[in-house]
Amino acid sequence: QVQLVESGGGLVQPGGSLRLSCAASGSIFSRYAMGWYRQAPGKQRELVAFTSIRDSTNYADSVKGRFTISRDNAKNTVYLQMNSLKPEDTAVYYCNAGLLIVGSYAPTNYWGLGTQVTVSS
């Protein structure tokens, strides 16, 4: 069983930065790939970035070069550093513990409750 709690969201101006954190309980954190998703109003939830157990990373084209995902297995925490934020990044951000299947991220049912990110002047 893995429980996930996101934090670090808030209101930021365009061009600003935020760092999201996702703290996981449970001793099996290091066995899962970890992903960050987001869901904007009226849109489907989309995968933003994920990191494997061995710290390889992958990003959606819309955030590549601006967002960085990282994990600290000793702290059971995954981070999402978001720079050069745009209004279209506004969404609720969720973390997920998942699996890599042939290099693609497959989410499990382990989700956090989400943290709101609003990019607006």
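From a predicted model like this one, the values you see are computed outputs, not experimental measurements.
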Margin query: Does any part of the side chain of R38, heavy atoms only, come nearer than 4.5 Å to the side chain of V63, both counted from C-beta?
Written below: yes
Notebook entry, point to check: Can you tell me if Y32 uses its side chain to pair, donor with acceptor, with the backbone of N96 under 3.5 Å?
Noted result: no
Checklist line | Closest contact, heavy atoms only, S70 versus V78 | finding: O-CG2, 3.1 Å
Next item on the list: Locate the shortest heavy-atom distance separating V48 from Y93; write the atom from each residue and the value.
Entry: CG2-CE2, 4.4 Å
Next item on the list: Check each of T118, V119, L18 against L11 using the side-chain contact (heavy atoms from CB on, under 4.5 Å) test, and report the only one that passes.
Entry: T118
Next item on the list: Indicate yes or no for a side-chain donor-acceptor contact from Y105 to the backbone of L47 under 3.5 Å, with no hydrogens or angles considered.
Entry: no
Note to self: Can you tell me how far apart CG (N83) and OG1 (T68) are? Round to the nearest 0.5 Å.
What the structure shows: 6.5 Å
Checklist line | Results of side chain to side chain donor-acceptor pair (under 3.5 Å) for S56 - residues two or more places apart only | finding: S52
Check: More than 12 foreign heavy atoms under 6.0 Å from CD of E88: is that the case here?
Finding: yes
Notebook entry, point to check: Looking at D89 and K86, does any basic side-chain N land under 4.0 Å from a carboxylate oxygen?
Noted result: no
Next item on the list: Take atom CG of N109 as the centre, draw a 6.0 Å sphere, and report whether it contains more than 12 heavy atoms from other residues, nucleotides or ligands.
Entry: no
Next item on the list: Identify whether W111 and L20 are in the same connected component of the hydrophobic contact network (ILVMFWY, side-chain heavy atoms under 4.5 Å).
Entry: no
Notebook entry, point to check: Given the rule that I, L, V, M, F, W and Y join up when any side-chain heavy atoms are under 4.5 Å apart, are I69 and L99 in one cluster?
Noted result: yes
Notebook entry, point to check: Does T90 reach the side chain of Q116, with side-chain heavy atoms less than 4.5 Å apart?
Noted result: yes
Item checked: Side chain T108, main chain A97, donor-acceptor under 3.5 Å -> yes
Item checked: Near-ring test F67/W36, centroid separation under 6.0 angstrom -> no
Item checked: Minimal non-hydrogen separation, S21 against T77, with atom names -> CB-CG2, 4.4 Å
Item checked: Distance-minimising heavy-atom pair for T115 and G9 -> OG1-N, 3.1 Å
Item checked: Nearest atoms (heavy-atom pairs only) where K43 meets Q39 -> O-NE2, 3.1 Å
Notebook entry, point to check: Cluster question for you: counting only ILVMFWY and a side-chain heavy-atom cut-off of under 4.5 Å, with indirect links fine, are F50 and V92 together?
Noted result: yes
Next item on the list: Output yes when a side-chain donor or acceptor of E6 lies under 3.5 Å from a complementary backbone atom of C95, and no otherwise.
Entry: yes
Notebook entry, point to check: Between atom NZ of K64 and atom OG1 of T57, what is the distance when rounded to the nearest 0.5 Å?
Noted result: 10.0 Å
Next item on the list: Please report the shortest heavy-atom distance between P14 and S120, naming the atom on each side.
Entry: CD-C, 3.6 Å
Note to self: I want to check something: taking the side chain as every heavy atom from C-beta on, are M34 and L4 in contact at a cut-off of under 4.5 Å?
What the structure shows: yes
